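Below is one structure, written out as structure tokens; comments come after it.
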Amino acid sequence: MNAITLTDVTKVYRRYSGRQFATLKSALLRRSLLRDLSPNETFSALTNVSFTVAKGTTFGVIGRNGSGKSTALKVVAGITKPSSGRVDVTGRISALIELGAGFHPEISGRENVFINGIMLGLSKREVAARFDEIVEFAELEDFIDAPVKTYSSGMYMRLGFAVAINVDPDVLLVDEVLAVGDEGFTHKCLDKFGEFRRQGRTILLVTHSLGLVERFCDEALWLDAGRVQAQGDPRRVIDAYLAAVEKGEDALLATTTAKAVAAVSSAAPAMPPHVERRTEHVERDEHGARSTENAERSPAAEPQSKLQNMFEAVEGRWGSREIEIADVALLDRSGHPSFVFHSGDPMSVRLKVTAHAPATDFVFGLSVFNADGVCCYGTNTFIEEMDPERLEGTVDVTLAIDSLDLVEGTYKIDVAVHTCDGYPYDYHRLLYTFRVKSRTPDVGIYRPRHSWTFSSGVRFKPAKPQQ
Amino acid sequence: MFANLRQLIRYRGLISSLVARELKARYRGSVLGFLWSFINPLLLLAIYSFIFTTIMPNRTEGLQPYGLFMLCGILPWTWFSASLTEAGGSLIAGGNLIKKVLFPAEVLPIVSVLANMVHFFLALPIVAVVLVAYRHWPDPGGLLWLPIVVLVQLVFTCGLALVLAALTVHFRDIRDILANVLMLWFFSTPIIYAWFQKEMAPYRPLFNVNPFTHLAVSYQEILFFPGPFDHWRWLLALGAASVALFLAGYWLFDRLRDSFVEVV
């Protein structure tokens, strides 16, 4: 038996863009009252959405912002009517869309509980019977007679949640409200949901918390731009959703990078002053290194100087352009340009380099910075003791990283081609952005390949199956 | 529409608790609290009496004591005008409810009207006190009509409140227009003057078109003028018209209902 059935539901919102400044007076003057009242633009928040939620199951709806999730919930709740299609819900509904939406700030929590309860469909007597439970759940015993305007936002939300959850609904609609309380309260809410499930009630959950959907839901639905993209097993739906999110991020990073590159190639001074300083600095380094000829070069020397420069980290591009980096691509495992990588994936950085005249003194370098501007890694062909011999024409230079052992985050890279003593031909500073994704929320910068071993006496519960 | 109207009766618990909340919240935090429901009309009475008995005295035969005469019209007017003003903004003020909770929107303007009706009722004892003070005894048979006048005014005001609330959502200008229209309406209704004054004779047909004339005259006849209540034909006609207005207003409200969620 189905608790919620949506059949081919379409919800069209009208945009009254022409009405923005129209007033009754002007509408009357222009005799356009009727015309102005009719929409001139429509926006489809839901398009032919059909799904059923079986009684007693927990159903998750995921999707990006503006994908129609909340509209779907409102349609189920009956707050808005679908433009076409059918919505059937059996049983009493309680919608946790905005907690404490009906609270009046001037009157006490106690009075608000009663009125809110009545608004949600209880009788006065029913509220009275549940009153103690509500107050206890909200943990507001000491404040229940104070006016609601004196409540903190957390108290307000807790009270709103406590009333809504005690309405005894057969169908509970939840819109992203678990983010309100502290950790303890969130657990309490989740426990309450668990209790609802055991009692065989139906929960429709709209959330951005994929973990919650994975943990709690029997079935999931992914909406995008008002259309159903996937439906079924939560794990599978979430994976499909994440893949799409990655794609979107990829496109976003691509445009960010393209913009950054376009901005500097149009209006960058060939040699910003701080670069001169940097050059001197490197020269001094190099001078020391050179003078002792075979002395061990510190492989960290170059990255360290970059690290110092990090504090004046502005993206940009400079250099004489005798040798030019025409294009930079980050390639994934299969050699396709990409901006989103998974921790541990291989990544290649491919530079298209054009030497306008044959050159004999050149160094290719690359550094990776995290969002805080910390240099995660930097290297160049000089510190790796590759002696330049000749460069001419247009060439590909590829640095292949077998395993991108970084934690989740956004990273930027510098690429450069310069002479052995640091004179820049073409230096691209922080122009290229990529994102590393990870299922594990570990911290730091570097994720070494690792494993745990335990002697007997330590036991963990078996891990949940992951696909 | 009629199914929704039936629903409205089911919501009476909600309506009554919202009215109670409105009344409680209004004076919460003020020192005198509910006393303001008495003080406000008293002050109004004092101001108007001072103006029309001292500054610009109205010495019309038959309107004495003038303060009492005026009070009979001004209290229902206050109920009427405050109701419409509040109802006009009620859907916008209650936007959160309409958008986030499954909530019957028509309850909001009706609550505005009812809350102001309670204020009107609370002010009625003042009329009684003034009547006793002047030893001005109304006709007991006429007094029986009082609940009917109140009922007619209630239906009339609710009908208008529904229309205004629904339209104000779409045209916020109505709130400002309304304030001015109410001012004009007040002065074109026989409240501070009597409709039988000879200066008003040329405008008699216009007075008859103004629905509030018949309400004001009814209150005045019942509470102030001696003799039996003989404006009842007009009152009953207005009653019938009010029912029609209420149904029309409800129909309009119902038609626009789905747009509230989007526009509020």
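Below, all heavy atoms of this structure are taken into account, side chains as well, without hydrogens, waters or symmetry copies. All of these numbers come straight from a predicted model, not from anything done at the bench. Protein chains get the first letters and strands the later ones, always in sequence-line order, with residue 1 at the start of each.
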Let me know if B:V261 has heavy atoms under 4.5 Å from chain A in its side chain, its backbone, both or neither.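 Contact with chain A: side chain only.
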Does any backbone or side-chain atom of B:I98 lie under 4.5 Å from a heavy atom of chain A? Answer side chain, backbone, both or neither.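 It is the backbone, since no side chain atom gets that close.
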Measuring heavy-atom distances to chain B, does [X] have an atom under 4.5 Å in its side chain, in its backbone, in both, or in neither?
X	result
A:K74	side chain
A:L120	side chain
A:K11	side chain

Does the side chain of A:I79 reach to within under 4.5 Å of the side chain of B:K100, using non-hydrogen atoms?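 A:I79 vs B:K100: side chains apart.
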Just give me the residue among B:G13, B:A25, B:A20 that pairs up with chain A most often, heavy atom to heavy atom, under 4.5 Å.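 The candidate making the most pairs under 4.5 Å is B:A25.
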So, taking the atom named [atom1] in [X] and the one named [atom2] in [Y], what distance separates them when rounded to the nearest 0.5 Å?
X	Y	atom1	atom2	result
A:S123	B:L14	OG	CG	12.5 Å
A:T80	B:K99	OG1	NZ	12.5 Å
B:R257	A:K81	CZ	NZ	6.5 Å

Are more than 12 heavy atoms, taken from residues, nucleotides or ligands other than [X], located less than 6.0 Å from that residue's [atom1] atom?
X	atom1	answer
B:R175	CZ	yes
A:K124	NZ	no
B:R26	CZ	yes
B:R172	CZ	yes

Is any side-chain N of the basic residue among B:K24 and A:E111 closer than 4.0 Å to the acidic one's carboxylate O?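 Looking at A:E111 together with B:K24, the answer is yes, because their closest N to O distance falls below 4.0 Å.
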Indicate the atoms forming the closest heavy-atom contact of B:F103 with A:M119, along with that distance.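 Scanning both residues, the minimum pair turns out to be CE1-CG, 3.7 Å.
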Do you know the tightest heavy-atom contact between B:S17 and A:I118?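 Residues B:S17 and A:I118, closest heavy atoms: OG-CD1, 3.8 Å.
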Given side chain to side chain contact (heavy atoms under 4.5 Å, CB included), test B:L18 with A:I115 step by step and report yes or no. CA-CA 7 Å; B:L18 283 174; A:I115 290 175; 3.9 Å; yes
